[in-house]
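Here is the naming used below: chain letters follow the sequence lines, and residue numbers restart at 1 for every chain. In what follows, every heavy atom counts, from backbone to side chain, and hydrogens, waters and symmetry copies are set aside.
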Protein chains: 2
Amino acid sequence: MDNQDLRKAGLKVTLPRMKILEILENAEENHHTAEDVYKLLLKAGEEIGLATVYRVLTQFEAAGLVRRHHFEGGQAVFELAGDGHHDHMVSVKTGKVVEFYDEIIEERQRIIAEEHGFKMTSHTLILYGEFEDE
Amino acid sequence: MDNQDLRKAGLKVTLPRMKILEILENAEENHHTAEDVYKLLLKAGEEIGLATVYRVLTQFEAAGLVRRHHFEGGQAVFELAGDGHHDHMVSVKTGKVVEFYDEIIEERQRIIAEEHGFKMTSHTLILYGEFEDE
DNA sequence: ATCGGATTGAGAACGGTTATCATATACTTT
DNA sequence: AAAGTATATGATAACCGTTCTCAATCCGAT
């Protein structure tokens, strides 16, 4: 993920955009709120405004570099868009997020949509609960 | 669904609470935003404040009478809690909502959760797209 | 290096929801 | 049936996450 990806997306290569990409790539966690990213930038010594963080994340999403999810709790979370869709398991206790993918579920969704004359364009499956080791 | 249900839930039987229950039971659609409910109340000649609508819906949710869902679009939607869980198919074009239930998906979710040492307490599956006849 | 359009930062504005608080209402006790 | 007491209500302010506004700044083609 580098400057070329930004250019391909029709985005100028600016310092905020590069730094935000960097944060997303190097962070311990995969899922971040906009505020998280903002704070990580501050911690890294970058004075980038929260509005810019929101703007850039939205642009990245439009460019397919990032995905946005709405877990419970009000704040949207963002993750780098690797290739391929996946679903999420979220701890209501710690906020920990684990990704998973199940072809059987995906298949059933397609069948159910079809049965209802529904052209599915996206879907979101989130399991809430807690991990046994936390 | 009557006054006894309210009393059982530890809620006084008040006019706003009765009217809101009535609206939810008799409306054409199953899924309503708080604002929807508020407007339906006005249309029915009831002068009930929006704050009260939010409060009552939240109390109903806590009492298990109502379920709250977060579809895309920012506003929460509420539905009477019939017995049994179900998932949703939402038209991104018209907002139309169709409910479905698939035991295979439910089963897979349980298995996946278990494989990850995850105690699942709830889950939400939403398909977005559009119905072919709209 | 210069120019012009895109981007940024600060803060105001926004939309949905919740909190505040004085008044009104249900239920209990007489 | 009336009074007492705690709870519920309504209007509006506050809140929180996010988006908008706009002057100042930056990117990159020339």
Side-chain angles (χ1 to χ4, degrees), chain A residues 2-23 31-42 44-63 65-79 95, chain B residues 2-23 31-42 44-63 65-79 95:
Chain A
D2 63 353
N3 294 355
Q4 290 314 318
D5 295 298
L6 291 179
R7 279 191 248 271
K8 266 179 223 156
L11 297 170
K12 281 188 185 173
V13 178
T14 66
L15 191 141
R17 304 215 258 237
M18 289 190 299
K19 290 302 177 188
I20 290 173
L21 257 191
E22 227 172 86
I23 291 284
H31 298 78
H32 306 273
T33 65
E35 194 114 13
D36 283 347
V37 173
Y38 174 65
K39 283 178 184 155
L40 288 170
L41 287 166
L42 287 186
E46 302 295 336
E47 301 255 327
I48 294 175
L50 182 56
T52 299
V53 173
Y54 273 105
R55 253 186 318 234
V56 169
L57 287 173
T58 300
Q59 292 158 347
F60 284 4
E61 185 191 14
L65 300 176
V66 151
R67 296 213 183 86
R68 182 196 308 244
H69 302 287
H70 296 278
F71 299 157
E72 284 182 3
Q75 277 141 298
V77 302
F78 299 84
E79 66 177 343
Chain B
D2 64 350
N3 294 356
Q4 290 313 317
D5 295 297
L6 292 178
R7 276 192 250 271
K8 267 179 222 155
L11 297 170
K12 282 186 187 175
V13 178
T14 67
L15 191 141
R17 304 215 259 236
M18 289 190 298
K19 291 301 177 189
I20 290 172
L21 257 190
E22 227 172 85
I23 291 283
H31 298 79
H32 307 273
T33 65
E35 194 114 13
D36 283 347
V37 173
Y38 174 65
K39 283 178 184 154
L40 288 170
L41 286 166
L42 287 186
E46 302 295 335
E47 302 256 327
I48 294 175
L50 181 57
T52 299
V53 173
Y54 273 105
R55 254 187 318 236
V56 169
L57 287 173
T58 301
Q59 292 159 346
F60 284 3
E61 184 191 14
L65 299 175
V66 152
R67 296 213 183 86
R68 182 194 310 242
H69 301 287
H70 296 278
F71 299 157
E72 284 183 2
Q75 276 142 299
V77 303
F78 299 84
E79 67 176 343

Which atom pairs link the protein and nucleotides 19-29 of chain C when you take only N or O atoms and keep those under 3.5 Å?
unit_1 : atom_1 : unit_2  : atom_2 : d
C/dC27 : OP1    : B/Val13 : N      : 2.8

Assign B/Ala34 to base, sugar-phosphate, or nothing according to its heavy-atom contacts below 4.0 angstrom with the strands shown. nothing
Base, sugar-phosphate or nothing for A/Glu47? Non-hydrogen atoms, less than 4.0 Å. sugar-phosphate
Take atom [atom1] of [X] and atom [atom2] of [N], then tell me their distance rounded to the nearest Å.
X       : N      : atom1 : atom2 : result
B/Leu50 : D/dA13 : CG    : P     : 15 Å
A/His70 : C/dG15 : NE2   : P     : 17 Å
A/Ile48 : D/dC26 : CD1   : P     : 13 Å
B/Glu46 : D/dT9  : CD    : P     : 13 Å
A/Leu6  : C/dT8  : CG    : P     : 10 Å
B/Gln59 : D/dT9  : CD    : C1'   : 11 Å
B/Leu57 : C/dT17 : CG    : C1'   : 12 Å
A/Leu42 : C/dA10 : CG    : P     : 10 Å

Polar side chain donor-acceptor pair, B/His69 to B/Glu79, under 3.5 angstrom: yes
Go through the side-chain N and O atoms of A/Thr52 and A/Arg55 and say whether any donor and acceptor fall under 3.5 Å apart. yes
Is the closest side-chain heavy-atom distance between [X] and [Y] below 4.5 Å?
X       : Y       : value
B/Leu57 : B/Arg68 : no
B/Leu11 : B/Asp5  : no
A/Phe60 : A/Leu21 : yes
B/His32 : B/Leu40 : yes

From the list C/dT8, D/dA8, D/dG17, which nucleotide is the closest neighbour of the side chain of A/Tyr54? D/dG17
Sidechain-backbone polar pair: A/Arg17 side chain, A/Lys12 backbone, donor-acceptor under 3.5 Å: yes
DNA chain C: 5'-proximal contact among A/Val53 and B/Phe78 (nearest heavy atom): A/Val53
